[in-house]
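Atoms considered below: every heavy atom in the structure, side chains included; atoms not considered: hydrogens, waters and symmetry mates.
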Amino acid sequence: MSGPAAGTAVAATTTDVVCLGESMVTFLPSQPGRLADVPSFGRGIGGAESNVACALAAAGHRAAWVGRVGADGFGDHLVETIASYGVVTSAVRRDPVRPTGIYFRTATDRGTDTHEVAYYRAGSAASAMSPANMPYEELFAGRVLHLSGITAALSGDCLALLRELTAPRAGRPLVSFDVNHRPHLWRGGDADASVLLELARRSDLVFVGEDEAEEAWGIVGAEAIRAAVPEPAVLVVKRGSAGATVFASGPRPGPRSSNAGGAETVTHVPALRVDVVAAVGAGDAFAAGFLSATLRGLSVRDRARHGHLMAAAVLTVPGDLTEPPARDHADRLVALDDDAWGRLRLGPGWTAADRASEEVRTP
C-alpha cells in the first residue's frame with residue numbers, strides 16, 4: 001500500500017516531520033586558509049537531516065530528529081544543541097562503543113577548488129544504524145518521514161535501513177527524499193548512482209539538484225530527470241540561480257509503482273536574488289521551506305517560493321542554520337505577483353520580524 005500522495009496536504013498526526021540521519025560536530029575555522037594553516041576552530045553542528053528538523057521547528061512545526069550518537073561529550077553537544085531549536089530528540093540512540101562523527105572544514109565556499117573538508121566519521125555511531133536497532137514506531141510517527149542519500153552512503157546497514165523505510169507498506173507516512181549526492185562518501189564504483197535512483201523512485205516527494213542528477217546519473221535537464229524518476233507524486237528539480245521546476249501529479253489509484261491516472265503539472269518557480277554571505281545549508285533550508293508549505297496544504301508554486309525564502313534566510317548568514325522569517329512575513333512575500341517576486345533582492349537581516357516593509361530593490 002502506498003503512502004499518502006505528496007501532491008496534496010498530508011493527514012494530521014502528533015508529529016509533523018521525522019528526520020533520520022547522521023549529525024556531526026563541525027569545527028569551523030577561525031580564519032580563512034588551508035586546514036594546515038588555520039590555528040583554531042569554533043564548534044558547531046552539521047547534518048542535512050537535522051538541519052531540516054531545526055528549520056522546521058524554528059518555523060513552528062513539531063519536528064523530530066532520529067539518529068545515533070556516541071556516549072560521549074560530542075554526542076551530548078549534538079543532542080542538546082538540536083533540542084535547543086525545539087526539535088524532539090527523544091528517539092536518538094546512544095552507542096556505548098562507537099564515537100560521534102566530527103569534521104573540519106575551511107572557510108571557503110564548498111563549490112571552490114580551495115575548499116577542504118576533513119571527515120572523521122568512519123565507524124561512527126550513526127554508521128551503525130540498521131533495521132535491527134532503530135525505532136520504527138517513532139520513525140513512522142510523523143506525517144512526513146524525511147530521508148537523504150547521505151545516510152545510504154554511510155554503511156551497508158544504513159542502506160538496508162533506508163530500503164526498509166522506503167518499502168511500500170500499510171500506514172507508511174509520506175516519504176520525503178533528498179538525493180544529496182556526496183561522491184566522497186561512497187566506497188567506490190558506480191553503486192551510488194543506482195542506489196540513489198532506486199531510493200528516489202521508492203519515495204513520495206523527491207528533491208534533486210540538476211547538477212547532482214547529471215553527476216550521479218548522467219541525466220541533463222528537468223524533463224529527463226522526471227522521465228528517469230516517474231514514480232514520486234512530487235519531484236522537485238533544483239536549478240540553482242535559475243530556480244526550481246516542480247513536477248506534481250494528482251492523487252492516483254492503484255499501486256504506487258505507477259504514476260498513471262493522475263494529471264501532472266509542471267511548475268517553474270524562479271529563484272530570488274540574494275546577497276550571499278555563505279553558500280552552505282541552502283539545500284536543506286529549501287527542503288524545509290517546501291515541506292513546511294506542503295504540511296500547510298499550499299499550492300505547488302507557493303511551496304517552492306517558501307523553499308526559496310527559507311534558503312535565502314540561510315544564504316544571508318554565515319552558518320547552516322538561522323531563524324527563518326516569521327510566517328506572516330513569508331506569506332506576504334509568497335503572495336507577491338510575478339513581477340514583484342522577480343524584483344525582490346534579499347540581503348543580511350531581511351528576516352527580521354519587525355521590518356515595516358519587505359525589502360524590494362532593483363539592480
Side-chain angles (χ1 to χ4, degrees), residues 21-55 67 69-70 72-75 77-78 81-82 85 99-127 148-154 178-188 192 207 209-212 214-216 238 240-241 271 274-288 310-323 346-349:
E22 180 172 35
S23 191
M24 295 177 291
V25 172
T26 309
F27 288 93
L28 309 171
S30 59
Q31 64 185 46
R34 301 183 310 154
L35 286 178
D37 300 327
V38 174
S40 61
F41 296 80
R43 185 179 65 176
I45 66 170
E49 301 85 2
S50 59
N51 283 349
V52 172
C54 289
V69 299
D72 50 33
F74 287 147
H77 175 66
L78 276 175
T81 303
I82 292 169
Y85 283 86
T100 303
I102 65 173
Y103 73 96
F104 298 77
R105 68 173 174 86
T106 53
T108 51
D109 190 317
R110 290 175 182 171
T112 69
D113 292 336
T114 59
H115 184 68
E116 299 174 70
V117 180
Y119 286 104
Y120 299 90
R121 72 196 305 179
S124 69
S127 70
S148 93
I150 294 172
T151 304
L154 298 180
D178 192 333
V179 170
N180 262 331
H181 183 225
R182 300 289 187 269
H184 61 275
L185 291 180
W186 291 87
R187 296 162 293 281
D192 56 328
F207 300 94
E210 246 185 350
D211 54 347
E212 62 186 351
E214 181 174 3
E215 182 179 35
K238 298 176 292 183
S241 60
V274 179
D275 297 332
V276 176
V277 172
V280 293
D284 302 331
F286 181 94
M310 196 80 87
V314 168
L315 288 169
T316 50
V317 299
D320 291 31
L321 293 167
T322 189
E323 187 74 19
L346 304 175

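Within the 3.5 Å criterion, the main-chain N or O of S30 finds no donor-acceptor partner in the side chain of S40. A donor-acceptor pair under 3.5 Å is absent between the side-chain atoms of S50 and the main chain of S23, judged by distance alone. Not a single donor-acceptor pair under 3.5 Å links the side chain of T151 to the backbone N or O of G21. Side chain of T100 to main chain of G70: a donor-acceptor pair is present (N/O by atom type, distance under 3.5 Å, no hydrogens or angles).
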Inset, instruction - Could you check L35 against F41 for side-chain contact (heavy atoms from CB on, under 4.5 Å), going step by step and ending with a plain yes or no? - result: CA-CA 10 Å; L35 286 178; F41 296 80; 3.9 Å; yes
Legend entry - Verdict with reasoning, R43 to V25, per side-chain contact (heavy atoms from CB on, under 4.5 Å): CA-CA 7 Å; R43 185 179 65 176; V25 172; 3.5 Å; yes
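Shown here are the salt bridge (Lys or Arg N to Asp or Glu O under 4.0 Å) partners of E210, two or more places apart in sequence or in another chain: R239.
What you find for V314 and A282 is that their closest heavy atoms are CG1-N, 4.1 Å.
Of the inter-residue distances, the one linking S124 atom OG with L154 atom CG reads 6.5 Å to the nearest 0.5 angstrom.
Considering only heavy atoms from C-beta on, K238 comes within 4.5 Å of D178 through its side chain. A heavy-atom distance below 4.5 Å is found between the side chains of H181 and D192. With contacts defined as side-chain heavy-atom distances shorter than 4.5 Å, the pair E323/V317 does not qualify. In this structure the side chain of L28 reaches within 4.5 angstrom of the side chain of R105, judged on heavy atoms. Two residues are said to be in side-chain contact when any heavy atoms from C-beta on lie closer than 4.5 Å; I45 and I82 meet this criterion.
Heavy atoms of other residues, nucleotides or ligands lying less than 6.0 angstrom from OH of Y120 number 12 at most.
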